[in-house]
Amino acid sequence: MDPFLVLLHSVSVGLSSSDLTQLKFLCRNRVSKRKLELAQSGLDLFTVLLEQNELSAERTALLRELLGSLRREDLLCLLDDFERGAEAGAAPEERDLRAAMEIICDNVGKDWKRLARRLRVSEIKIEAIEEKYPRNLVEQVRELLRVWKNSAREDAAVSCLVSALRGCQLNVVADLIEEDQWAQARQRRSANPGSLMAWDSGSAAPGAS
């Protein structure tokens, strides 16, 4: 079974009826009144959020926010365990891509539409993202990257993001990503000294001449 679904089931089992009532209240601006009324368990509510792409194994921020509002440290520990396992199990390329996407979310802000067009996201999808998160720039950027990644599939790579950022003159963000990539590569080399000898001898750190 999908580890993320196992996590959601475990969280649901641990919720009290008052917890569920509070979760429904917190989700009132995300989920329709009818769907909230039909949700009889935490898992029912999480399923709706999954269907609406508000929640996924790669996007656990909302779940963390909800559990934090409930002050359920025990359930947050379950989420922590899941995230550590997901990070450890991901391929280096996937970890690098996630890290690059987080840097973009933190730094692109109102320029996200320029980046979206460079990534060849359609105007219709851009408008849909705006409508979905009308007052949340970070979530708009996060949704853009999710749409792009789903569309690009196996072609989704850090190099594509860096190229698009430079193409719309967001060079500072591109530099942050490249510096982070360099640091991550050095860290992996330290953990496994023989694995990156060829890479190290043929590559230079960002800014090196």
Side-chain angles (χ1 to χ4, degrees), residues 1-32 34-106 119 121 125 128-129 132-133 136 138-158 160-161 177 180 184 188:
M1 189 175 180
D2 185 331
F4 188 59
L5 295 181
V6 172
L7 167 68
L8 295 181
H9 181 267
S10 298
V11 170
S12 179
V13 169
L15 294 172
S16 66
S17 58
S18 61
D19 286 337
L20 179 59
T21 299
Q22 189 172 347
L23 285 181
K24 288 182 178 183
F25 177 77
L26 292 169
C27 292
R28 67 194 184 282
N29 294 327
R30 297 175 180 270
V31 178
S32 70
R34 175 62 176 162
K35 289 181 178 179
L36 288 175
E37 290 173 349
L38 291 172
Q40 299 300 309
S41 68
L43 194 57
D44 290 341
L45 180 58
F46 298 149
T47 299
V48 173
L49 294 172
L50 285 168
E51 291 171 349
Q52 295 180 179
N53 293 317
E54 302 269 3
L55 197 62
S56 72
E58 292 76 30
R59 297 184 61 192
T60 58
L62 175 59
L63 181 59
R64 182 172 294 281
E65 177 184 331
L66 293 172
L67 296 178
S69 296
L70 295 179
R71 300 183 184 279
R72 289 296 304 272
E73 296 297 328
D74 55 330
L75 300 181
L76 282 169
C77 285
L78 294 178
L79 177 56
D80 290 339
D81 290 343
F82 168 79
E83 290 181 340
R84 280 193 292 267
E87 182 69 17
E93 294 81 4
E94 179 65 21
R95 292 200 297 270
D96 288 346
L97 185 58
R98 289 179 187 174
M101 290 168 68
E102 284 302 315
I103 290 172
I104 290 173
C105 287
D106 291 340
L119 292 171
V121 174
K125 289 182 178 178
I129 291 169
K132 190 171 184 179
Y133 301 103
N136 193 325
V138 172
E139 284 303 317
Q140 287 174 356
V141 180
R142 198 179 302 280
E143 182 69 5
L144 157 65
L145 294 173
R146 186 194 67 79
V147 169
W148 165 75
K149 188 171 184 285
N150 287 346
S151 176
R153 297 181 181 275
E154 65 272 8
D155 292 328
V158 174
C160 297
L161 294 174
I177 290 174
D180 180 71
Q184 292 297 324
R188 287 197 289 269

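- Considering only heavy atoms from C-beta on, Asp44 stays 4.5 Å or farther from Leu38 through its side chain.
- Tyr133 approaches Gln140 most closely through the heavy-atom pair O-NE2, 2.5 Å.
- Nearest heavy atom pair, residue Leu161 against residue Leu145, reads CD2-CD2, 4.0 Å.
- Here the CD1-CE distance, from Ile177 to Met101, works out to 10.5 Å after rounding to the nearest 0.5 Å.
- Between atom CD of residue Glu143 and atom SG of residue Cys105 there is a gap of 10.5 Å, rounded to the nearest 0.5 Å.
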Residues Phe4, Leu55; criterion side chain to side chain contact (heavy atoms under 4.5 Å, CB included); working and verdict: CA-CA 10 Å; Phe4 188 59; Leu55 197 62; 4.0 Å; yes
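- The heavy-atom pair separating Ser10 from Leu78 by the smallest distance is CB-CD1, 4.1 Å.
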Test side chain to side chain contact (heavy atoms under 4.5 Å, CB included) on Leu50 and Leu8; report intermediate values, then the result. CA-CA 11 Å; Leu50 285 168; Leu8 295 181; 3.7 Å; yes
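- The line from OG of Ser32 to CD of Glu37 is 8.5 Å long, rounded to the nearest 0.5 Å.
- Within the model, atoms CG of Asn136 and CD1 of Ile129 stand 12.5 Å from one another, a figure rounded to the nearest 0.5 Å.
- Closest non-hydrogen pair, Leu76 versus Arg64, comes out as CD2-O, 3.8 Å.
- Taking a 6.0 Å sphere around CZ of Arg28, one finds it holds more than 12 heavy atoms contributed by other residues, nucleotides or ligands.
- To the nearest 0.5 Å, the span separating CG on Leu36 from CZ on Arg30 amounts to 12.0 Å.
- Here the side chains of Leu70 and Leu75 are not in contact, with every heavy-atom distance at 4.5 Å or above.
- To the nearest 0.5 Å, the span separating SG on Cys160 from NZ on Lys149 amounts to 12.5 Å.
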Take Leu7 and Leu63, measure what side chain to side chain contact (heavy atoms under 4.5 Å, CB included) needs, and give me the verdict at the end. CA-CA 11 Å; Leu7 167 68; Leu63 181 59; 4.2 Å; yes
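- Within the 4.5 Å cutoff, the side chain of Asp180 has no heavy atoms near those of the Asp96 side chain.
- Side-chain contact check for Ser16 and Asp19: at least one donor-acceptor pair (N or O, by modelled atom type) lies under 3.5 Å.
- Counting heavy-atom neighbours within 6.0 Å of Lys24 NZ, excluding the residue itself, gives a total above 12.
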Cys27/Leu66 under side chain to side chain contact (heavy atoms under 4.5 Å, CB included): CA gap, chis, key distance, verdict: CA-CA 9 Å; Cys27 292; Leu66 293 172; 4.0 Å; yes
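- Considering all non-hydrogen atoms of both residues, Ser69 and Leu26 come closest at CB-CD1, 3.6 Å.
- In terms of heavy-atom proximity, Phe46 sits nearest to Ser12 at CE1-N, 4.2 Å.
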CA sep, side-chain torsions, deciding dist, call: Arg59, Glu54, salt bridge (Lys or Arg N to Asp or Glu O under 4.0 Å): CA-CA 8 Å; Arg59 297 184 61 192; Glu54 302 269 3; 5.3 Å; no
